[in-house]
Amino acid sequence: MHTHQTDFSKGSVYKNILEVAVPMTVAQFLNLLYNIVDRMYIGRIEGIGSIALTGVGLCFPIITLITAFTYLFGNGGGPLCAMERGKENTKEAEYIMGNTFVMLVGTGIVLMIIGLLFYKPILYAFGASDTTFPYAESYIQIYLLGTIFVMISLGMNPFINSQGFGNMGMLTVLIGAVLNIILDPLFIFVFHMGVRGAAIATVISQMCSALWVLKFLTGKKAELHLKKQAMKLKWKRICSIMGLGVSGFIMAFTNSLVQIVCNATLQNYGGDIYVGVMTVLNSIREIFTMPVMGLTNGASPVMSYNYGESTYHRVKKAIFFVTGVCVAYTLVAWGVLRLWPEPFIRIFDGSGELLSEGVPALHIYFFGFCFMALQFAGQCVFVALGKAKKATFFSLFRKAIIVVPLTIFLPMINRWGVDGVFWAEPISNLVGGCACFITMLITIMPELNHKKERN
């Protein structure tokens, strides 16, 4: 593949964003396939499909927690690296990358050990029953062994994108996703390894992605290189990386918290079938939020670079472009799900067991889906411009302060039961999304209007 590098300082801002965002969206889509293919095949294991799917669904909070740590370092280091490039400070950009790498590997080892020691009480706390636990155990035991590969491939990929190599960043995910799609049916059905086979396929795929990232960042084509001397840790630098990455970490961490609370509440009010429905709804939400994430992640290095270079009119153009596209897309997505919910549920549930409970739950869960775009757009701007405190607050606000209490209390009101759990999501999208976006407009826009532009 041609190693094209986008110059963030020249040409159309929209074109720059799309040059990074389109490959990143394709990458996000493939990364999603990665996870969804597991669920599709598991849901079709003869005789145990839906219960095995519920078991694997219980592992998602643990997987999300691991991902949260990749955001803590990768999504903090990536924008800082792009800003230093904008200031033409190559040495510091490489130090940021080296320090991030050390933190990712160290954290990966610690998470793997903790996970392998305590997964049983953790899974039961997350809503496992004696029926679903064996499937959850089979999956998570093997998945945890590949923790370091996940940390490297997800956490270091932003450093490929922050240098303008969108196609190479896409390849990182493409390698893993394609391998997973090929290996999954082989291990699950040909070698008759079931849920365990799905986990082995995932670990092998992630290992290959991680090796690709390291090969590129230490190779000749990269502008900034992963060097041993840049791995010397400096406390101030680590604090800057984590300070900016903490909003992405909290967003993923609170996603995990929400999944735990939802699964436990649904288990209480509706049993295993509703935990299965939530697994399917989370999977559908991932499909539909993926283009929004791809666009905002693609816009982030462009905004960071131009902010570092003091070309603020280009930052403003980027903000309006991202917001407009995200809102338009999520409106269309809401319409599609409203009109045709069944095919999306059937992707994950071949037997159709979850369909009768799944369709009404989906209509509630995705109500007002367009407001979620405002959260993503506002959050993207805060992170890209290094506004760590605001980014962190709004990550916490939507999930921990709104969704978790609503998930616990709404089922008690007027005997809403399981419906109350599903209503927590649209209410949080409306309140959290509007609060985040309006704050961004009244704090960031005046700053961009009054700062002195670089000539």
Side-chain angles (χ1 to χ4, degrees), residues 3-11 13 15-25 27-28 70-101 103-104 151-173 209 212-219 221-227 230 237-238 240-245 247-248 293-309 311 314-315 318 322 379-388 391:
T3 314
H4 170 70
Q5 184 177 17
T6 304
D7 186 345
F8 296 149
S9 63
K10 293 174 185 163
V13 176
K15 185 169 178 279
N16 288 349
I17 290 173
L18 291 174
E19 277 189 359
V20 183
V22 169
M24 282 186 84
T25 305
Q28 294 276 0
T70 70
Y71 293 154
L72 180 62
F73 304 113
N75 286 22
L80 289 176
C81 187
M83 281 186 215
E84 294 304 328
R85 274 188 72 231
K87 295 172 187 171
E88 297 176 1
N89 191 353
T90 306
K91 193 179 177 186
E92 180 56 24
E94 286 186 339
Y95 268 105
I96 288 167
M97 179 159 58
N99 277 218
T100 301
F101 177 74
M103 296 306 293
L104 284 164
M151 300 296 282
I152 293 170
S153 61
L154 289 181
M156 293 306 290
N157 211 33
F159 291 96
I160 296 178
N161 294 314
S162 70
Q163 296 178 54
F165 296 107
N167 289 348
M168 294 296 114
M170 176 180 74
L171 261 181
T172 304
V173 191
S209 284
W212 162 260
V213 172
L214 294 178
K215 183 178 179 292
F216 183 82
L217 288 174
T218 53
K221 290 176 181 175
E223 181 187 313
L224 305 171
H225 296 96
L226 186 60
K227 297 172 181 167
R237 194 177 288 122
I238 293 167
S240 299
I241 292 165
M242 289 170 67
L244 192 52
S247 70
M293 287 180 72
L295 185 66
T296 51
N297 287 345
S300 184
V302 179
M303 288 185 206
S304 299
Y305 184 93
N306 284 288
Y307 189 70
E309 204 187 36
T311 46
R314 291 174 68 82
V315 178
V322 167
Q379 198 77 23
C380 161
V381 176
F382 289 139
V383 172
L385 306 191
K387 311 295 181 189

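- Atom CG of Asn157 and atom CH2 of Trp212 lie 10.5 Å apart (nearest 0.5 Å).
- Residue Leu18 comes nearest to Pro23 through the heavy atom pair O-CD, 3.8 Å, listed as atom of the first residue, atom of the second, then distance.
- Between the side chain of Thr100 and the backbone N or O of Ile96 there is at least one donor-acceptor pair closer than 3.5 Å.
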- Take Val383 and Asn75 through the test side-chain contact (heavy atoms from CB on, under 4.5 Å) and record every step on the way to the result. CA-CA 8 Å; Val383 172; Asn75 286 22; 5.6 Å; no
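- Phe73 places a side-chain heavy atom less than 4.5 Å from the side chain of Met242.
- Take Thr218 and apply the side-chain hydrogen bond (donor to acceptor under 3.5 Å, both in side chains) test, not counting sequence neighbours, and it matches no residue.
- Remark: aromatic rings of Phe101 and Phe159 are distant, center separation not under 6.0 Å.
- Under the 4.5 Å side-chain criterion, counting only non-hydrogen atoms from C-beta, Asn161 is not in contact with Asn297.
- With sequence neighbours left out, Tyr307 forms a side-chain hydrogen bond (donor to acceptor under 3.5 Å, both in side chains) with Lys387, Glu447, Lys451.
- Under the 4.0 Å criterion applied to side-chain N and carboxylate O atoms, Glu223 and Arg85 are assigned as salt-bridge partners.
- In this structure, Met97 and Leu226 approach most closely via the heavy-atom pair CE-N, 3.7 Å.
- In terms of heavy atoms, Phe382 sits closest to Ala391 at CB-CB, 3.7 Å.
- There is a side-chain donor-acceptor pair under 3.5 Å between Thr311 and Asn306.
- Judged by distance alone, the side chain of Gln5 and the main-chain N or O of Gln163 form a donor-acceptor pair under 3.5 Å.
- Residues forming a side-chain hydrogen bond (donor to acceptor under 3.5 Å, both in side chains) with Glu94 (at least two apart in sequence, or on another chain): Lys227.
- To the nearest 0.5 angstrom, Glu84 atom CD is 13.0 Å from Lys91 atom NZ.
- Taking the side chain as every heavy atom from C-beta outward, Ile241 and Met103 never approach each other to under 4.5 Å.
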